[in-house]
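Here is the structure we will look at, set down as C-alpha coordinates.
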Amino acid sequence: PSFQVPVILLTNYDDANANDLLDQQLISAVMIKPVKQKLLTQLVKSVLGGYVTPVSDTDNIDERVVQKFSRLLGGTRWLLAEDNDINQQVAVALLMEVGVDVVIAENGKEALDIFEQSEFDGLLTDIQMPEMDGYELTAELRQQSKFQDFPIIAMTAHAIAGYRDKCIEAGMNDYVTKPIKPKDVFTSLVRWIS
(Lines give C-alpha, C1' and ligand atoms only; values in the text may rest on other atoms or scores of the structure.)
Protein backbone atom coordinates (compact mmCIF):
# COMPACT_ATOMS: atom_id res chain seq x y z
CA PRO A 1 0.00 0.00 0.00
CA SER A 2 1.02 3.63 -0.46
CA PHE A 3 0.58 4.34 3.25
CA GLN A 4 1.06 2.41 6.43
CA VAL A 5 -1.71 2.31 9.02
CA PRO A 6 -0.35 2.73 12.56
CA VAL A 7 -1.07 -0.31 14.74
CA ILE A 8 -1.03 -0.25 18.54
CA LEU A 9 -0.92 -3.67 20.19
CA LEU A 10 -2.73 -4.00 23.52
CA THR A 11 -1.38 -6.73 25.77
CA ASN A 12 -1.73 -7.89 29.38
CA TYR A 13 1.98 -8.17 30.01
CA ASP A 14 5.44 -7.16 28.78
CA ASP A 15 5.38 -9.51 25.79
CA ALA A 16 8.69 -10.42 24.13
CA ASN A 17 6.79 -11.19 20.91
CA ALA A 18 5.42 -7.64 20.93
CA ASN A 19 8.98 -6.31 21.14
CA ASP A 20 9.91 -8.48 18.15
CA LEU A 21 6.98 -7.05 16.21
CA LEU A 22 8.14 -3.54 17.13
CA ASP A 23 11.69 -4.33 16.02
CA GLN A 24 10.37 -5.61 12.68
CA GLN A 25 8.21 -2.47 12.40
CA LEU A 26 5.08 -4.59 11.99
CA ILE A 27 3.38 -2.58 14.75
CA SER A 28 3.78 1.04 15.79
CA ALA A 29 3.56 0.74 19.56
CA VAL A 30 2.63 -1.49 22.48
CA MET A 31 0.39 -0.59 25.39
CA ILE A 32 0.13 -2.78 28.46
CA LYS A 33 -3.34 -3.17 29.96
CA PRO A 34 -5.15 -1.85 31.86
CA VAL A 35 -5.48 0.98 29.37
CA LYS A 36 -5.43 4.46 30.84
CA GLN A 37 -7.18 7.09 28.75
CA LYS A 38 -4.53 9.79 29.08
CA LEU A 39 -1.65 7.46 28.19
CA LEU A 40 -3.61 5.98 25.28
CA THR A 41 -4.31 9.47 23.94
CA GLN A 42 -0.63 10.34 24.15
CA LEU A 43 0.36 7.07 22.49
CA VAL A 44 -2.08 7.62 19.62
CA LYS A 45 -0.68 11.13 19.11
CA SER A 46 2.81 9.70 19.15
CA VAL A 47 2.19 7.03 16.50
CA LEU A 48 0.45 9.61 14.32
CA GLY A 49 3.60 11.73 14.43
CA GLY A 50 2.50 14.41 16.86
CA TYR A 51 4.70 15.76 19.62
CA VAL A 52 4.01 14.00 22.88
CA THR A 53 4.66 15.38 26.32
CA PRO A 54 5.37 12.46 28.63
CA VAL A 55 2.50 11.92 31.03
CA SER A 56 2.19 9.85 34.13
CA ASP A 57 -0.24 9.08 36.89
CA THR A 58 1.26 11.91 38.93
CA ASP A 59 -1.66 13.94 37.57
CA ASN A 60 -3.88 11.83 39.83
CA ILE A 61 -1.70 12.04 42.96
CA ASP A 62 -2.48 14.39 45.80
CA GLU A 63 -0.04 17.29 45.81
CA ARG A 64 0.82 16.55 49.46
CA VAL A 65 1.99 13.07 48.42
CA VAL A 66 4.21 14.56 45.70
CA GLN A 67 5.63 17.05 48.21
CA LYS A 68 6.29 14.30 50.77
CA PHE A 69 8.18 12.12 48.30
CA SER A 70 9.97 15.15 46.86
CA ARG A 71 11.45 15.79 50.31
CA LEU A 72 12.51 12.14 50.60
CA LEU A 73 13.69 11.51 47.03
CA GLY A 74 14.55 14.94 45.61
CA GLY A 75 18.18 15.13 44.56
CA THR A 76 18.69 11.37 44.37
CA ARG A 77 20.05 9.90 41.17
CA TRP A 78 18.68 6.68 39.64
CA LEU A 79 19.56 4.72 36.54
CA LEU A 80 16.55 3.47 34.59
CA ALA A 81 17.27 0.39 32.46
CA GLU A 82 14.29 0.17 30.11
CA ASP A 83 14.12 -0.49 26.36
CA ASN A 84 10.53 0.65 25.71
CA ASP A 85 10.23 4.33 24.74
CA ILE A 86 6.78 4.83 26.22
CA ASN A 87 7.76 3.17 29.51
CA GLN A 88 10.86 5.39 29.59
CA GLN A 89 8.76 8.52 29.10
CA VAL A 90 6.28 7.58 31.80
CA ALA A 91 8.94 6.57 34.34
CA VAL A 92 11.07 9.66 33.72
CA ALA A 93 8.08 12.02 34.01
CA LEU A 94 7.00 10.27 37.20
CA LEU A 95 10.42 10.38 38.85
CA MET A 96 11.14 13.94 37.79
CA GLU A 97 7.86 14.97 39.43
CA VAL A 98 9.46 14.25 42.81
CA GLY A 99 12.90 15.66 41.96
CA VAL A 100 14.72 12.46 41.05
CA ASP A 101 17.55 12.80 38.53
CA VAL A 102 17.10 9.97 35.99
CA VAL A 103 19.56 8.56 33.48
CA ILE A 104 18.28 6.06 30.90
CA ALA A 105 19.98 2.89 29.65
CA GLU A 106 18.35 1.00 26.77
CA ASN A 107 19.51 -2.40 28.04
CA GLY A 108 21.65 -4.10 30.66
CA LYS A 109 24.93 -3.77 28.74
CA GLU A 110 24.43 -0.05 28.35
CA ALA A 111 23.58 0.19 32.05
CA LEU A 112 26.89 -1.50 32.98
CA ASP A 113 28.79 0.98 30.81
CA ILE A 114 26.99 3.91 32.46
CA PHE A 115 27.73 2.54 35.95
CA GLU A 116 31.46 2.58 35.10
CA GLN A 117 31.28 6.31 34.37
CA SER A 118 28.93 7.65 37.01
CA GLU A 119 27.53 7.22 40.54
CA PHE A 120 23.88 6.47 41.32
CA ASP A 121 21.68 6.00 44.36
CA GLY A 122 19.89 3.03 42.79
CA LEU A 123 18.71 1.15 39.72
CA LEU A 124 15.21 0.63 38.34
CA THR A 125 15.38 -2.15 35.78
CA ASP A 126 13.02 -3.80 33.39
CA ILE A 127 13.24 -7.59 33.34
CA GLN A 128 13.02 -8.25 29.59
CA MET A 129 15.49 -6.23 27.53
CA PRO A 130 17.60 -6.96 24.48
CA GLU A 131 21.36 -7.56 24.78
CA MET A 132 21.23 -8.15 28.55
CA ASP A 133 18.08 -8.52 30.63
CA GLY A 134 17.40 -7.33 34.18
CA TYR A 135 18.36 -10.65 35.76
CA GLU A 136 21.74 -10.73 33.99
CA LEU A 137 22.35 -7.07 34.82
CA THR A 138 21.65 -7.70 38.50
CA ALA A 139 23.95 -10.74 38.55
CA GLU A 140 26.78 -8.72 36.96
CA LEU A 141 26.37 -5.88 39.46
CA ARG A 142 26.15 -8.14 42.51
CA GLN A 143 29.52 -9.68 41.59
CA GLN A 144 31.16 -6.31 42.30
CA SER A 145 31.71 -5.45 45.96
CA LYS A 146 30.52 -1.85 45.58
CA PHE A 147 27.11 -3.11 44.41
CA GLN A 148 26.53 -5.70 47.16
CA ASP A 149 24.06 -3.46 49.02
CA PHE A 150 23.09 -1.26 46.08
CA PRO A 151 19.30 -0.77 45.64
CA ILE A 152 18.03 -2.64 42.56
CA ILE A 153 14.31 -2.53 41.89
CA ALA A 154 12.65 -4.58 39.16
CA MET A 155 10.00 -2.86 37.05
CA THR A 156 7.99 -5.42 35.15
CA ALA A 157 4.59 -6.17 33.69
CA HIS A 158 4.79 -9.65 35.20
CA ALA A 159 2.30 -9.38 38.03
CA ILE A 160 1.91 -13.15 38.22
CA ALA A 161 2.59 -14.89 41.53
CA GLY A 162 6.16 -16.09 41.73
CA TYR A 163 7.79 -13.28 39.74
CA ARG A 164 8.46 -11.21 42.86
CA ASP A 165 10.24 -14.19 44.45
CA LYS A 166 12.20 -14.77 41.24
CA CYS A 167 13.37 -11.13 41.27
CA ILE A 168 14.39 -11.32 44.93
CA GLU A 169 16.21 -14.62 44.35
CA ALA A 170 18.04 -12.99 41.43
CA GLY A 171 19.47 -10.40 43.83
CA MET A 172 17.03 -7.53 43.38
CA ASN A 173 15.76 -5.69 46.43
CA ASP A 174 12.21 -5.06 45.33
CA TYR A 175 9.66 -5.39 42.55
CA VAL A 176 7.07 -2.96 41.15
CA THR A 177 4.59 -3.82 38.42
CA LYS A 178 3.68 -2.01 35.22
CA PRO A 179 1.75 0.01 34.54
CA ILE A 180 3.65 1.71 37.31
CA LYS A 181 1.69 3.16 40.20
CA PRO A 182 3.43 6.31 41.42
CA LYS A 183 3.00 5.71 45.14
CA ASP A 184 4.31 2.12 44.84
CA VAL A 185 7.42 3.28 42.97
CA PHE A 186 8.09 6.20 45.32
CA THR A 187 7.60 4.01 48.41
CA SER A 188 9.99 1.38 47.06
CA LEU A 189 12.68 3.94 46.23
CA VAL A 190 12.41 5.51 49.67
CA ARG A 191 12.52 2.12 51.40
CA TRP A 192 15.75 1.08 49.72
CA ILE A 193 17.71 4.33 49.86
CA SER A 194 16.88 4.93 53.53
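- Shown are L79, I152, L95; of these, the side-chain contact (heavy atoms from CB on, under 4.5 Å) with L124 is made only by L95.
- Scanning both residues, P130 and E106, for their nearest heavy atoms gives CD-O, 4.5 Å.
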Check your understanding: side-chain contact (heavy atoms from CB on, under 4.5 Å) between T187 and F69: does it pass, once the steps are laid out?
Key -> CA-CA 8 Å; T187 301; F69 285 108; 3.6 Å; yes

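- Tracing side-chain contacts under 4.5 Å through hydrophobic residues (I, L, V, M, F, W, Y), one never reaches I168 starting from L123; they form parts of separate clusters.
- Of all heavy-atom pairs between A81 and L137, the closest is CB-CD2, 4.1 Å.
- Rounded to the nearest 0.5 Å, atoms CG (L112) and CD (E136) are 10.0 Å apart.
- Remark: M155 CE to S188 OG distance equals 11.0 Å, nearest 0.5 Å.
- F186 and M96 fall within the same hydrophobic cluster, where Ile, Leu, Val, Met, Phe, Trp and Tyr residues are linked whenever their side-chain heavy atoms come under 4.5 Å apart, directly or through other members.
- Atoms CG and CD, from D83 and Q88 in turn, are 7.5 Å apart once rounded to the nearest 0.5 Å.
- Among pairs with a residue in residues 137-151, those fulfilling side chain to side chain donor-acceptor pair (under 3.5 Å) read R142-N173, at least two apart in sequence or across chains.
- For the residue pair S118 / R77, a side-chain donor-acceptor distance below 3.5 Å is found, with atom types taken as modelled.
- A donor-acceptor contact shorter than 3.5 Å is absent between the side chain of E110 and the backbone of N107.
- E82 contributes no side-chain N or O that, together with a main-chain N or O of A105, makes up a donor-acceptor pair within less than 3.5 Å.
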Review point. What do the steps show when you test W192 against D174 for side chain to side chain donor-acceptor pair (under 3.5 Å), and what is the final call?
Key: CA-CA 8 Å; W192 294 106; D174 210 346; 3.0 Å; yes

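- Side-chain contact between Y135 and C167: present, with at least one pair of heavy atoms (C-beta onward) separated by less than 4.5 Å.
- For the pair D121 and L73, the minimum side-chain heavy-atom distance is 4.5 Å or more.
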Review point. Yes or no on side-chain contact (heavy atoms from CB on, under 4.5 Å) for W78 and I153, after CA distance, side-chain angles and deciding distance?
Key: CA-CA 10 Å; W78 287 74; I153 300 169; 3.9 Å; yes

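- Considering only heavy atoms from C-beta on, I104 comes within 4.5 Å of V92 through its side chain.
- Note: F120 and F150 fail the aromatic proximity criterion, with ring centroids not under 6.0 Å apart.
- Panel note: side chain N84, backbone N87; a donor-acceptor pair is recorded below 3.5 Å.
- When all heavy atoms are compared, the tightest approach of D126 to T156 is OD1-CA, 4.4 Å.
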Review point. Could you go step by step and tell me if T76 and I193 meet the side-chain contact (heavy atoms from CB on, under 4.5 Å) rule?
Key: CA-CA 9 Å; T76 62; I193 63 167; 3.7 Å; yes

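- Minimum interatomic distance between A91 and L80 (heavy atoms only, all atoms of both residues): CB-CD2, 3.8 Å.
- In the hydrophobic cluster analysis, where Ile, Leu, Val, Met, Phe, Trp and Tyr join through side-chain heavy atoms closer than 4.5 angstrom, M129 is grouped apart from I127.
- Listed for the S70 side chain is a donor-acceptor partner under 3.5 Å among the backbone atoms of V66.
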